[in-house]
Amino acid sequence: MPNPPRLTDRSALKRHRARAKADALFLHEAARDDAQDRLAMVNRAFKQVAIVTPFPQIWRPAFPEARIIPDAEVLDLTEAAHDLVIHALSLHWADDPIGQLIQCRRALQPDGLCLVLTLGGQTLHELRAALAQAETEVTGGLSPRVAPMGEIRDLGALLQRAGLALPVADSTPLTASYATPLHLMQELRAMGENNALAGRLRHPTRRAVMMRAVEIYSQAFALPDGRVPATFELITLTGWAPDASQPQPLRPGSAAQRLADALNTSETPLKD
């Protein structure tokens with residue numbers, strides 16, 4: 001089988017993350033807080049925790065006993081060694097997201113929890129639209145600029161494909177505002193989230209494209225106070241390593257009561 005096409009330039013991504021600034025990592029802080037809130041609602045103490053993250057300094061204070069590993073293509077996880085694996089806000093840069101989830105699944109003990117926090121398809125939709133229109137107008141074409149991010153339905157399906165039970169996916173929109181679109185682009189660089197796509201242009205974007213994108217962004221999305229919004233969609237996925245103690249679906253045809261009786265309504269047979 002031929003190798004799949006490369007989505008991410010890992011060397012560029014590593015350079016970008018090395019330049020990230022601590023005060024710009026608010027998305028990772030939001031993901032950490034979301035994970036803590038969800039785990040607080042689980043009536044269970046997790047003792048063998050692994051966290052996949054490019055920014056260990058965000059997670060270490062909250063999970064001091066956890067084993068923290070980088071989000072490499074091959075995760076440094078031991079099979080069946082953990083009762084909780086957190087994949088923290090880096091799945092959108094993975095060339096093989098299902099492979100990442102399968103590796104997390106294999107690292108779980110029976111009835112272990114996999115908690116994935118990732119950016120969803122609505123993330124930076126304003127910026128993507130403005131850049132696409134500006135580049136089309138100025139150059140007559142498009143180039144890869146923002147990493148593709150999955151929709152919640154597709155990401156939820158990945159949990160089942162990875163062999164995880166009781167899958168749940170939900171989405172939380174986060175909105176930040178900036179003085180201008182250029183300030184947003186500077187913030188993305190400070191986050192380590194600027195363009196690291198393998199197919200990106202290897203020369204600076206033309207000034208005419210950037211200025212036109214700023215104009216389009218401001219015209220289409222400006223807030224009443226003149227600032228511009230930026231949407232970040234935080235998607236949280238949870239799934240459990242299968243275990244006999246978990247709730248199991250009933251065998252088809254084993255119901256003891258008709259649904260129509262439970263709903264106190266009449267049943268209308270379908271025509272053949």
Side-chain angles (χ1 to χ4, degrees), residues 8 12-13 15-38 51-62 71 86-94 115-135 144-152 155 169-197 200 205 209-237:
T8 301
L13 182 62
R15 292 195 303 271
H16 295 169
R17 287 171 169 174
R19 293 194 296 260
K21 299 179 180 179
D23 59 359
L25 299 179
F26 65 90
L27 291 177
H28 291 268
E29 293 171 351
R32 177 203 60 205
D33 294 345
D34 183 82
Q36 288 182 291
D37 290 344
R38 291 172 187 274
I51 303 176
V52 180
T53 175
F55 296 109
Q57 69 271 26
I58 298 295
W59 292 84
R60 178 62 71 193
D71 63 317
I86 302 175
H87 200 294
L89 218 61
S90 54
L91 194 67
H92 60 289
W93 285 116
L115 177 59
V116 180
L117 302 116
T118 187
L119 295 176
Q122 293 303 305
T123 299
L124 297 177
H125 70 86
E126 306 95 342
L127 179 61
R128 285 185 284 150
L131 283 171
Q133 182 178 337
E135 190 168 23
R145 293 188 177 277
V146 179
M149 301 171 198
E151 299 296 335
I152 186 170
L155 291 169
D170 58 62
S171 170
T172 303
L174 305 173
T175 303
S177 69
Y178 298 88
T180 70
L182 291 176
H183 286 83
L184 165 60
M185 296 177 200
Q186 292 170 359
E187 179 92 309
L188 292 174
R189 181 180 178 86
M191 293 179 189
E193 291 288 340
N194 44 320
N195 193 349
L197 293 173
R200 72 192 185 281
T205 300
V209 172
M210 296 303 297
M211 292 301 99
R212 178 60 180 142
V214 168
E215 182 181 19
I216 293 168
Y217 200 130
S218 299
Q219 290 175 347
F221 301 107
L223 298 170
D225 61 0
R227 295 172 66 85
V228 295
T231 299
F232 300 94
E233 183 185 19
L234 179 62
I235 291 180
T236 305
L237 310 173

What are the two closest non-hydrogen atoms of Leu197 and Arg200, and how far apart are they? O-NH1, 2.9 Å
Without swapping roles, check the side chain of Asn195 against the backbone of Pro144 for a donor-acceptor pair under 3.5 Å. yes
Arg212: what forms a salt bridge (charged side-chain N to carboxylate O under 4.0 Å, His left out) with it, not counting sequence neighbours? Glu137, Glu215
Any pair with a residue in residues 125-135 that passes salt bridge (Lys or Arg N to Asp or Glu O under 4.0 Å), sequence neighbours left out, goes on the list, sorted by first then second residue, please. Glu135-Arg145
Minimum heavy-atom distance between Leu223 and Ser177, given as atom pair plus value: CD1-CB, 4.0 Å
Just so I know, are the side chains of Leu27 and Leu234 near enough to count as touching, which here means a heavy-atom distance under 4.5 Å? no
Specify the closest pair of heavy atoms between Val228 and Ala222, including all atoms of both residues, with the distance to one decimal. CG1-CA, 4.3 Å
Criterion side chain to side chain donor-acceptor pair (under 3.5 Å) on Gln57 and His28, from CA distance to verdict: CA-CA 10 Å; Gln57 69 271 26; His28 291 268; over 6 Å; no
Answer with yes or no whether the side chains of Thr231 and Gln122 bring together a donor and an acceptor at under 3.5 Å. no
Under a 4.5 Å cut-off applied to non-hydrogen side-chain atoms, are Gln186 and Asn194 in contact? no
As a test of understanding, state which of His16, Arg17, His92 forms a side-chain hydrogen bond (donor to acceptor under 3.5 Å, both in side chains) with Glu193. His92
Side-chain contact test, heavy atoms from C-beta onward, threshold under 4.5 Å: evaluate it for Leu131 versus Thr205 and give yes or no. no
Please check if the number of heavy atoms outside Arg189 that lie under 6.0 Å from its CZ is greater than 12. no
Pick one: which of Arg32, Arg38, Gln36 meets side-chain hydrogen bond (donor to acceptor under 3.5 Å, both in side chains) with Asp34? Arg38
Where do Ala213 and Ala130 come nearest, in terms of heavy atoms and distance? O-CB, 3.6 Å
Taking every non-hydrogen atom, the tightest pair across Ile235 and Glu151: CD1-C, 4.4 Å
For the backbone of Ala129 and the side chain of Tyr217, can you confirm whether one donor and one acceptor N or O come within less than 3.5 Å of each other? no
Do side-chain atoms of Thr236 reach the backbone of Leu117 as a donor and acceptor pair under 3.5 angstrom? no
